[in-house]
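Only one structure is covered here, and it is reproduced in the block below.
Values reported hereafter were calculated over all heavy atoms of this structure, with side chains retained and with hydrogens, waters and symmetry mates removed.
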Amino acid sequence: MHYYWEAPYGVLLWQDATYDFAEWLGVSWDEFVGTGADDGWLQTWLSRITWLYVGCTILTLTVRRQSKFQMIALVGGCGLLTVLSYAKYVGAQRQLPMFVEHGGQMLAPVLLVLALKFGARHRVTMVAAMVAMIMTFAGHGCYAIGWWPTPSTFYGMISVSLGVEYETANTMLRTAGVLDFAVCFAIFVPALRIWAAGYATVWGFLTATARPVAGMSMSLNYWGADQFLHEAVLRAPHFLIPLYLVVLWHRQKSAAPAESAEPSKQPATTSADHAAMAIEFTS
């Protein structure tokens, strides 16, 4: 997204304070804004953020439990995603759900670090995953249920993907919004949390893939993959984090009966124990 398309930082940077800073650095107005497409000082530096994300991508494959520097760099990558989400939030007229629903994306690098530091089954890692999942579905639910203005893209994706009219799409969105909040509460109920995380996995996958399914077409250049495919990839944490919880809780549930069924082992008696028993008996 940063390399091929323009990242949404303009709402944060196209301000007088930014230009004053550039002027302090000795950059003129023409150099700052550019005279053509993507040749300004600001656009050039924004495009270079690409390589920070490439570096973080490599770190996710190479980081190890003992790699403290790489873990710190991944936490810095979480900061990059937080700034990106904040820019989207400001661009959406500071609608709180816009920032909250990116929780899964922002916390994904932190989850990896926690899993390496404490273990994938550690309570801290599990709680962080639950927080990320709740943020994603609570933010999406606020839009779907209509507490904040529902984005037109939501209606468009449902109508195009399923071939339904506006009224049906609106009913489906409202129902999905209620279920989003139901999932956020159900994961705290031990008897329901696996089912809730399973639903979140399926729904997160469907909402992520709805972008390319609704937008791609054979009539577009590259079939529209350059416009919509990365939108699905960006939302992969929306279903991968709940999937992690499903696997974790399923293994815990399977291990519990096995542990309870294992017979308790009596400590072996020693010669000293036999001697003590004989003395007690004779006395």
Q.
If I take atom CG from residue D180 and atom CD1 from residue I145, how far apart are they, to the nearest 0.5 angstrom?
A. 8.5 Å
Q: Name the orientation class of the two ring planes belonging to Y9 and H2 (parallel below 30°, tilted from 30 to 60°, perpendicular beyond 60°).
A: tilted
(Q) Going by the rule side-chain contact (heavy atoms from CB on, under 4.5 Å), which residues pair with A73 if we only count those two or more places apart in sequence or in a different chain? (A) L59
Q | A232 versus A208, closest heavy-atom pair with distance | A | CB-O, 3.3 Å
Q. Quick one: does W203's side chain get under 4.5 Å of V183's, heavy atoms only?
A. no
Q: Name the orientation class of the two ring planes belonging to Y86 and Y89 (parallel below 30°, tilted from 30 to 60°, perpendicular beyond 60°).
A: tilted
Q: List the atom of E101, the atom of H238, and the distance in Å for their closest heavy-atom pair.
A: O-NE2, 3.8 Å
Q: Drop me the distance from M130's CE to L107's CG, to the nearest 0.5 angstrom.
A: 13.5 Å
Q | Nearest-0.5 Å distance that lies between atom CG in L173 and atom CG in N170 | A | 6.5 Å
**Q.** Closest non-hydrogen atom pair between Y244 and A129, with its separation
**A.** CE2-CB, 3.5 Å
Q.
Is the shortest side-chain heavy-atom distance between R193 and V189 below 4.5 Å?
A. no
Q. For L81, does its backbone N or O pair with a side-chain atom of S85 as donor and acceptor, under 3.5 Å?
A. yes
**Q.** I241-M135 co-clustered via ILVMFWY side chain contacts under 4.5 Å
**A.** no
Q) Looking only at heavy atoms, which two atoms of P242 and P237 are closest? And how far apart? A) CD-O, 3.8 Å
Q. Under 6.0 Å from the OH atom of Y155, do we count more than 12 heavy atoms belonging to anything else shown?
A. yes
Q. Are any non-hydrogen side-chain atoms of T82 and F99 less than 4.5 angstrom apart?
A. yes
(Q) Can you confirm whether H230 sits close enough to W5 that some side-chain heavy atom of one is under 4.5 Å from a side-chain heavy atom of the other? (A) yes
Q | Shared hydrophobic cluster, V63 / V113 (ILVMFWY, side-chain heavy atoms < 4.5 Å) | A | yes
Q: Take N221 and D226, measure what side-chain contact (heavy atoms from CB on, under 4.5 Å) needs, and give me the verdict at the end.
A: CA-CA 8 Å; N221 291 334; D226 59 333; 5.7 Å; no
Q. Among W249, F137, W195, which residue meets the side chain to side chain contact (heavy atoms under 4.5 Å, CB included) test with I187?
A. W249
Q. Is any side-chain heavy atom of L114 closer than 4.5 Å to a side-chain heavy atom of H122?
A. no
Q. So do the side chains of T136 and R235 get within less than 4.5 Å of each other, counting heavy atoms only?
A. no
**Q.** Separation of L179 CG from M172 CE (nearest 0.5 Å)
**A.** 11.0 Å
Q) Would a hydrophobic clustering, with Ile, Leu, Val, Met, Phe, Trp and Tyr connected at side-chain separations under 4.5 Å, put M1 with L46? A) yes
Q.
Nearest 0.5 angstrom please: Q105 CD to C78 SG, how far?
A. 11.5 Å
Q | Stepwise side-chain contact (heavy atoms from CB on, under 4.5 Å) check, M126 with R121 | A | CA-CA 7 Å; M126 181 186 69; R121 299 183 181 183; over 6 Å; no
Q. With no hydrogens and no angle check, is any side-chain donor or acceptor of T201 less than 3.5 Å from a backbone partner on L243?
A. yes
(Q) Does any part of the side chain of V124, heavy atoms only, come nearer than 4.5 Å to the side chain of K117, both counted from C-beta? (A) no
Q.
I want to check something: taking the side chain as every heavy atom from C-beta on, are W223 and L229 in contact at a cut-off of under 4.5 Å?
A. no
**Q.** Check: R64 side chain, T62 main-chain N or O, donor-acceptor pair, under 3.5 Å
**A.** yes
Q. Has the side chain of S161 got a donor or acceptor atom that lies under 3.5 Å from a matching backbone atom of I158?
A. no
Q: Check whether any side-chain N or O of S47 sits under 3.5 Å from a backbone N or O of T44 as a donor-acceptor pair, and report yes or no.
A: yes
**Q.** Closest non-hydrogen atom pair between P109 and G77, with its separation
**A.** CG-C, 4.5 Å
Q | Gap between atom CZ of F228 and atom CG of L220 - 0.5 Å precision | A | 7.0 Å
Q: Look at the rings of H140 and F154 and say which category their plane angle falls in: under 30° parallel, 30 to 60° tilted, over 60° perpendicular.
A: parallel
Q | Side-chain donor or acceptor of Y53 paired with backbone N/O of L80 under 3.5 Å | A | yes
Q) Are M106 and V127 joined in one hydrophobic group, where the rule is that I, L, V, M, F, W and Y side chains link up if heavy atoms are under 4.5 Å apart? A) yes
Q. Is it true that L162 and V160 fall in one hydrophobic cluster, defined by side-chain heavy atoms closer than 4.5 Å?
A. no
Q. Are any side-chain N or O atoms of R174 and backbone N or O atoms of A144, one a donor and one an acceptor, separated by less than 3.5 Å?
A. yes
**Q.** Aromatic W51 / basic R48 pairing, under 6.0 angstrom, 45° off normal
**A.** no
Q) Without hydrogens or angle criteria, can the side chains of Q95 and Y143 be said to hold a donor-acceptor pair below 3.5 Å? A) yes
Q) What heavy-atom pair brings F239 and F205 nearest, and what distance separates the two atoms? A) CB-N, 3.4 Å
